[in-house]
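Only this structure's heavy atoms are used, side chains among them; waters, hydrogens and symmetry mates stay out.
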Amino acid sequence: MSLFTTTYDVIVVGGGHAGSEAAAASANMGAKTLLITMNLQNIAQMSCNPAMGGIAKGQIVREIDALGGYSGIVTDKTAIQFKMLNKSKGPAMWSPRAQSDRMQFAECWRTMLEQTDNLDFYQDSVNGLIFDDNTITGVKTVLGLNIKAKTVILTAGTFLNGLIHIGEKTFGGGRAGEGASTGVTEDLVKKGFEAGRMKTGTPPRVDGRSLDYTKMTEQPGDEKTEKFSYLPITSPLQKQRSCYLTYTNQTTHDLLREGFDRSPMFNGRIKSTGPRYCPSVEDKINRFADKERHQIFVEPEGWNTVEIYVNGFSTSLPEDIQDKAIRSIAGFENVKFFRYGYAIEYDYFPPTQLTHSLETKLVENLFFAGQINGTTGYEEAASQGLMAGVNAALKTQNKEPFILKRSEAYIGVLIDDLITKGTEEPYRMFTSRAEYRTLLRQDNADLRLTPKAHKIGLASDERLERVIRKKKETENLIQFIKDLSVTKDEINPILESKKLAPINQSMKLYKIAARPQLNFSDLLSIHKLNEYVVLNNIGSEITEQVEIHLKYSGYIEKEKNNADKLNRLENVPIPSSFDYTRVKSLSYEAIEKLTKIKPTTISQASRISGVSPSDISVLLVFMGR
């Protein structure tokens, strides 16, 4: 099958986290897919920290897995440490995070992609796009090939006109050791797209043999480890590698300030916006001048390497300043550098130019995913890649797009935020961005999303069967607890051990189990309950679901009702050709924003910055509601 004569269903440009998930999703949906990337050795490279998950990001990885993506499986297979963050808070906040073996991670991704049917690979750089009027029909490469496609997904990461900064040095590149990509931005701007610039940075990598860990605080993984994927093909970690914690100090800050006049951040050479929630170390000491110290997490890059990622020391200061400053940190006195930190500027396209399917409004069959949309983070990129891959495949099959609502997934929140509100700084996900976070927990992503993904042909039969079984076993155990009466002799010893008020007469266990101080494991000394759990081989996944239901069902029900109210507005469509200037009572700002973003429903319109509740009321009246 020749590249010169084949027309692919989907071409994915870029082999990072977004591109890898996009290629896997479209191929698994039955679309004939080509993944084009500059270097096939660097597929799914962890360009920054060697970790997946974290606050809200862990929920996204679970959602990707529940939908049938690969990120969760790869993370489980290559993890060196696992932690469930925020365990002291309610289950809406629990967020899984894993340190990964960087080299194994990329290797595992490539192996899984190579074992995926319908997926071809080609190493080359895309430097142009081919259009037929306002429809994309293929891509041009540096080697002079014109490759045809029905749909194209751009996942260019930080490569579009990438510019690397270290101190006063500047050179083109998409990341250290790799060239930038040119031509694509220019073709899109000619088509009328609005482009912008963003910045991100990375810290130094150092030789772990040169560090003194006795001066740091050890950060081990959880004693009882969990995993990301819902499938049984992966297992929780049996052994783990520790990370370590140390701190900057006043001397570090003084030494860093010595380089401010040579810093591209402060001398005007970097004009673009960097990530607010992952600032460079020089940005931190400038913005938080009152802080005497900042945390530095010392993270191993894998099982069998001495390379260390210095998390918290992202910088673009000159090499001599980086060298002096880092030596003032406890444990780093004799450090040897593998490579210095740097900042990178790159092109992005404000995501208000996209629809909910991640297809561009200006050019049909063209999709954007990842940092090209102004996001930061592997997890955010991977989730967009998966959704773009699914929707590109569906487009070639003449099927309706697959769209997740804000009440259905963090991925739904992410995409809706991007296309409705846009972003002027690198966007990252937080639990606070999701108004229905009690519904969108990491433990129930399979219950929420696998049936939907199975319906469109992405999630396997095995995944659906496991979800059906999980749902049934959970409901059966809840019903058993609702029906089970316990005597005061059975329950009072448990209550007294927890310093809780005893009961005076027999009572349904369901009422007692809701007490926040009681864990499900405490109740297993009740003979009938323990017998049920043992006889039915009930695992921790089910007991966790039951415990969450017992304690939080009131909150969950309330959130469901709120989501249902909002979803009623999702069912009030706005025609794409709607002329807002006809609605005389709308504010001028509302007319401007609504005309630019072209919301597809009243609900989406209500989330646009500058559109007030009274504007929404006016629209509803105008539309006869």
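Heavy-atom minimum distance, Pro279 versus Ser314: O-CB, 4.4 Å. For the residue pair Gly53 and Phe228, the shortest heavy atom distance occurs at CA-CZ, 4.1 Å. Between Asn567 and Ser407, the closest heavy-atom pair is ND2-OG, 3.4 Å. Of all heavy-atom pairs spanning Ala382 and Ile64, the tightest one is CB-CD1, 3.7 Å. Taking each heavy atom of Leu67 and Ala453 in turn, the nearest pair found is O-CB, 3.2 Å. Closest approach of Gly69 to Glu21, counting heavy atoms only: CA-OE1, 3.4 Å.
Heavy-atom neighbours of Gln505 CD from other residues, nucleotides or ligands within 6.0 Å: at or below the threshold of 12. Residue-environment remark: NZ (Lys508) exceeds the threshold of 12 foreign heavy atoms within 6.0 Å. The number of heavy atoms from other shown groups lying within 6.0 Å of CG (Asp483) is above 12. Within 6.0 Å of NZ on Lys361 lie more than 12 heavy atoms contributed by other residues, nucleotides or ligands. For Glu400, the CD atom is loosely surrounded, since the number of other residues' heavy atoms within 6.0 Å does not exceed 12. Under a cut-off of 6.0 angstrom, the local environment of CG in Asn537 is sparse, with at most 12 non-hydrogen atoms contributed by other residues, nucleotides or ligands. When the shell of 6.0 Å around OH of Tyr555 is examined, it contains 12 or fewer heavy atoms from other residues, nucleotides or ligands.
The closest side-chain donor-acceptor pair between Ser229 and Asp76, if any, does not fall under 3.5 angstrom. Checked by atom type, the side-chain pair Glu379/Ser71 shows no donor-acceptor distance below 3.5 Å. Lys421 and Ser609 share no donor-acceptor pair across their side chains, judged by distance under 3.5 Å alone. Remark: the Glu380 side chain and the Thr375 side chain contain no N/O donor-acceptor pair separated by less than 3.5 Å. Neither side chain, Glu473 nor Asn536, offers a donor N or O lying under 3.5 Å from an acceptor on the other. With no hydrogens or angles considered, a side-chain donor-acceptor pair links Gln545 and Asp443 at under 3.5 Å.
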Start with the C-alpha distance between Thr151 and Leu366, add both sets of side-chain angles, then the distance that settles side-chain contact (heavy atoms from CB on, under 4.5 Å), and finish with yes or no.
-> CA-CA 6 Å; Thr151 62; Leu366 175 61; over 6 Å; no
Check step by step if side-chain hydrogen bond (donor to acceptor under 3.5 Å, both in side chains) holds for Ser95 and Gln59.
-> CA-CA 6 Å; Ser95 302; Gln59 282 88 326; 3.2 Å; yes
Can Lys224 and Asp222 be said to form a salt bridge (Lys or Arg N to Asp or Glu O under 4.0 Å), step by step?
-> CA-CA 5 Å; Lys224 185 180 180 299; Asp222 289 349; over 6 Å; no
Go through the steps to decide whether Thr581 and Asp579 satisfy the test side-chain hydrogen bond (donor to acceptor under 3.5 Å, both in side chains), and finish with yes or no.
-> CA-CA 6 Å; Thr581 58; Asp579 180 5; 2.4 Å; yes
Step by step, work out the side-chain contact (heavy atoms from CB on, under 4.5 Å) result for Thr75 and Thr234.
-> CA-CA 9 Å; Thr75 302; Thr234 65; over 6 Å; no
Before giving the answer on salt bridge (Lys or Arg N to Asp or Glu O under 4.0 Å), spell out for Arg469 and Glu465 the whole-Å C-alpha distance, their side-chain angles and the decisive distance to 0.1 Å.
-> CA-CA 6 Å; Arg469 192 160 64 245; Glu465 283 158 19; 5.7 Å; no
Verdict with reasoning, Glu570 to Lys405, per salt bridge (Lys or Arg N to Asp or Glu O under 4.0 Å) | CA-CA 9 Å; Glu570 291 285 3; Lys405 298 190 183 98; over 6 Å; no
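Within the structure, the ring-ring contact (aromatic ring centres under 6.0 Å, His included) test picks out the following pairs touching residues 360-411 (sequence neighbours left out): His17-Tyr378, Phe193-Phe368, Phe349-Phe368. Sorted by first and then second residue, the ring-ring contact (aromatic ring centres under 6.0 Å, His included) pairs with a member in residues 435-480 read Phe480-Tyr532; sequence neighbours excluded. Among pairs with a residue in residues 564-611, those fulfilling ring-ring contact (aromatic ring centres under 6.0 Å, His included) read Phe578-Tyr580, Phe578-Phe622, at least two apart in sequence or across chains.
A salt bridge does not link Glu592 with Lys596: none of the charged nitrogens is closer than 4.0 Å to a carboxylate oxygen. Looking at Lys471 and Glu475, a side-chain N of the basic residue comes within less than 4.0 Å of a carboxylate O on the acidic one, giving a salt bridge. Comment: Glu559 does not engage Arg437 in a salt bridge, judged by the lack of any side-chain N to carboxylate O separation of less than 4.0 angstrom. Between Glu408 and Lys452 there is a salt bridge, since at least one side-chain N of the basic residue sits less than 4.0 Å from a carboxylate O of the acidic one. Ion pairing between a basic and an acidic side chain is recognised when a charged N comes within 4.0 Å of a carboxylate O; Asp446 and Arg463 show no such pairing. A salt bridge links Lys395 and Glu359; the closest N-O separation between the charged side-chain nitrogens and carboxylate oxygens is under 4.0 Å. In summary, Glu490 and Lys528 do not engage in a salt bridge, as defined by a charged side-chain N under 4.0 Å from a carboxylate O.
The backbone N or O of Pro575 lies less than 3.5 Å from no partner atom in the side chain of Lys598, so there is not a single donor-acceptor pair. The main-chain N or O of Ser587 is found under 3.5 Å from a side-chain atom of Asp615 such that the two form a donor-acceptor pair. With Asp522 contributing its side chain and Leu518 its backbone, the two residues share no donor-acceptor pair below 3.5 Å. Put simply, the side chain of Arg433 never gets that close to the backbone of Ala56: no donor and acceptor are under 3.5 Å apart. In this structure, Asn391 contributes its side chain and Ala388 its backbone to no donor-acceptor pair below 3.5 Å. Side chain of Thr396 to main chain of Ala393: a donor-acceptor pair is present (N/O by atom type, distance under 3.5 Å, no hydrogens or angles). A donor-acceptor distance shorter than 3.5 angstrom exists from the side chain of Ser617 to the backbone of Pro613, with no hydrogens or angles considered. Asn311 places no side-chain N or O within 3.5 Å of a backbone atom of Asn49 that could act as its donor or acceptor partner. For Glu63 (side chain) and Leu440 (main-chain N/O), no donor-acceptor pair under 3.5 Å exists by modelled atom type.
Tested against Arg607 for a side chain to side chain donor-acceptor pair (under 3.5 Å), the candidates Thr420, Asp417, Thr601, Asp416 yield a single pass: Asp416.
The line from NE2 of His356 to CD1 of Ile415 is 8.0 Å long, rounded to the nearest 0.5 Å.
Cation-pi geometry between Lys87 and Trp94 is met: the NZ or CZ atom falls under 6.0 Å from the ring centre, inside 45° of the normal. The side-chain tip of Arg197 does not point at the ring of Tyr348 from less than 6.0 angstrom away and within 45° of straight on.
Side-chain contact between Val10 and Ile153 is present, with heavy atoms from C-beta onward closer than 4.5 Å.
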